[in-house]
Peer 1: 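Can you keep this structure in mind? I'll have questions shortly.
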Amino acid sequence: PDVLTVIHQRKSVRSYTGEPVGLPELRELVRAGFAAPTAGNARPWAFVIVTDRAKLDALADAMPYGKMLKKAPAAIAVCGVESAFRSGESREMWVQDCSAATENILLAAEGTGLGAVWLGVYPYKDRSASISSILKLPEAVLNSELKYQVQVTLKDAEGLDVTPAKAVVKVRAGSCS
């Protein structure tokens, strides 16, 4: 579909098939996040793909409005990395930067036939602490006092040939590993 169709058809999906979504599809969504604009090209983010069932269930328990994660096959956490924040008056631009990345991920999900929803964590400190603990975020993110996370949950689109990914995959600085 064309971009305007995707924008106008985007919706928050809270019910999932539970079917797996392959790592290639999840990486494409994260690539869409990396394509988002940022203030001064700061790119103050890290992305974490979660497919581990125990972690998804723990995230669902930690999120007051995230119970749908119990049936979701994957989540993507968009995390603000303080060491990459701009300084001075533009310091808080990271919120817009991470929001733009999140919207790109949501639009990519819609455009590829996946269902997704945005679950806000920031500015709730208790939620941020719980999510950081569950995901065992890299020290660089933990030491910088994680500021922002969004869970995007996905469902398998009809007809996609997908293979379940088994591990948490950390995605940073334009590459997936």
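In this chain, numbering begins with 1 at the start of the sequence shown.
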Peer 1: Answer yes if L107 and L4 sit in the same cluster of Ile, Leu, Val, Met, Phe, Trp and Tyr residues linked by side chain heavy atoms under 4.5 Å apart, and no otherwise.
Peer 2: yes
Peer 1: Side chains of L26 and T51: closer than 4.5 Å at any heavy-atom pair?
Peer 2: yes
Peer 1: In Å, rounded to the nearest 0.5 Å, how long is the span from CD1 of I134 to CE of M63?
Peer 2: 9.5 Å
Peer 1: Closest approach of P1 and T5, non-hydrogen atoms and distance?
Peer 2: CB-CG2, 4.1 Å
Peer 1: If you look at every heavy atom in A109 and A116, which pair is closest and at what distance?
Peer 2: CB-CB, 3.8 Å
Peer 1: Within a strict 4.5 Å, meaning less than it, do heavy atoms of the L59 and L119 side chains meet?
Peer 2: no
Peer 1: What heavy-atom pair brings V48 and C79 nearest, and what distance separates the two atoms?
Peer 2: CG2-SG, 4.5 Å
Peer 1: To the nearest 0.5 Å, tell me how far D52 CG sits from D57 CG.
Peer 2: 9.0 Å
Peer 1: Quick one: do L29 and V21 satisfy side chain to side chain contact (heavy atoms under 4.5 Å, CB included)? Show the steps, please.
Peer 2: CA-CA 11 Å; L29 297 180; V21 176; 5.9 Å; no
Peer 1: Can you see which heavy atom on S130 is nearest to which on A62, and at what distance?
Peer 2: CB-CB, 3.9 Å
Peer 1: Any non-hydrogen side-chain atom of T102 less than 4.5 Å from a side-chain atom of I76?
Peer 2: no
Peer 1: Assess whether side chain to side chain contact (heavy atoms under 4.5 Å, CB included) is satisfied between Y16 and V117, documenting all intermediate values.
Peer 2: CA-CA 11 Å; Y16 306 100; V117 66; 3.3 Å; yes
Peer 1: Keeping S133 on the side-chain end and A129 on the backbone end, is there a donor-acceptor pair under 3.5 Å?
Peer 2: no
Peer 1: So which heavy atom on P37 is nearest to which on A100, and how close?
Peer 2: O-CB, 4.0 Å
Peer 1: Please confirm whether the backbone N or O of E103 pairs with a side-chain atom of R10, one donor and one acceptor, at under 3.5 Å?
Peer 2: no
Peer 1: Is there a side chain to side chain contact (heavy atoms under 4.5 Å, CB included) between Y122 and S99? Walk through the geometry before answering.
Peer 2: CA-CA 11 Å; Y122 179 82; S99 296; over 6 Å; no
Peer 1: W94 and Q96: side chain to side chain donor-acceptor pair (under 3.5 Å), yes or no, with the steps?
Peer 2: CA-CA 5 Å; W94 69 269; Q96 289 93 322; over 6 Å; no
Peer 1: Between D97 and A39 (side chain of the first, backbone of the second, donor and acceptor by atom type, cut-off under 3.5 Å), is there such a pair?
Peer 2: yes
Peer 1: Taking all atoms of both residues into account, what is the closest heavy-atom pair of F85 and G80, and its distance?
Peer 2: CE2-C, 4.0 Å
Peer 1: Is the number of heavy atoms from other residues, nucleotides or ligands under 6.0 Å of K67 NZ greater than 12?
Peer 2: yes
Peer 1: K70 versus D61: any side-chain heavy-atom pair under 4.5 Å?
Peer 2: yes
Peer 1: Run the side chain to side chain contact (heavy atoms under 4.5 Å, CB included) test on E82 and R91 for me, step by step, so that the C-alpha distance in whole Å, both residues' side-chain angles and the decisive distance to 0.1 Å come before the verdict.
Peer 2: CA-CA 9 Å; E82 192 169 8; R91 174 177 167 64; 2.5 Å; yes
Peer 1: Mind checking what makes side-chain contact (heavy atoms from CB on, under 4.5 Å) contact with N41, not counting sequence neighbours?
Peer 2: T38, R43
Peer 1: Sequence neighbours left out, what passes side-chain contact (heavy atoms from CB on, under 4.5 Å) with K11? Give chain and number order.
Peer 2: V13, E110
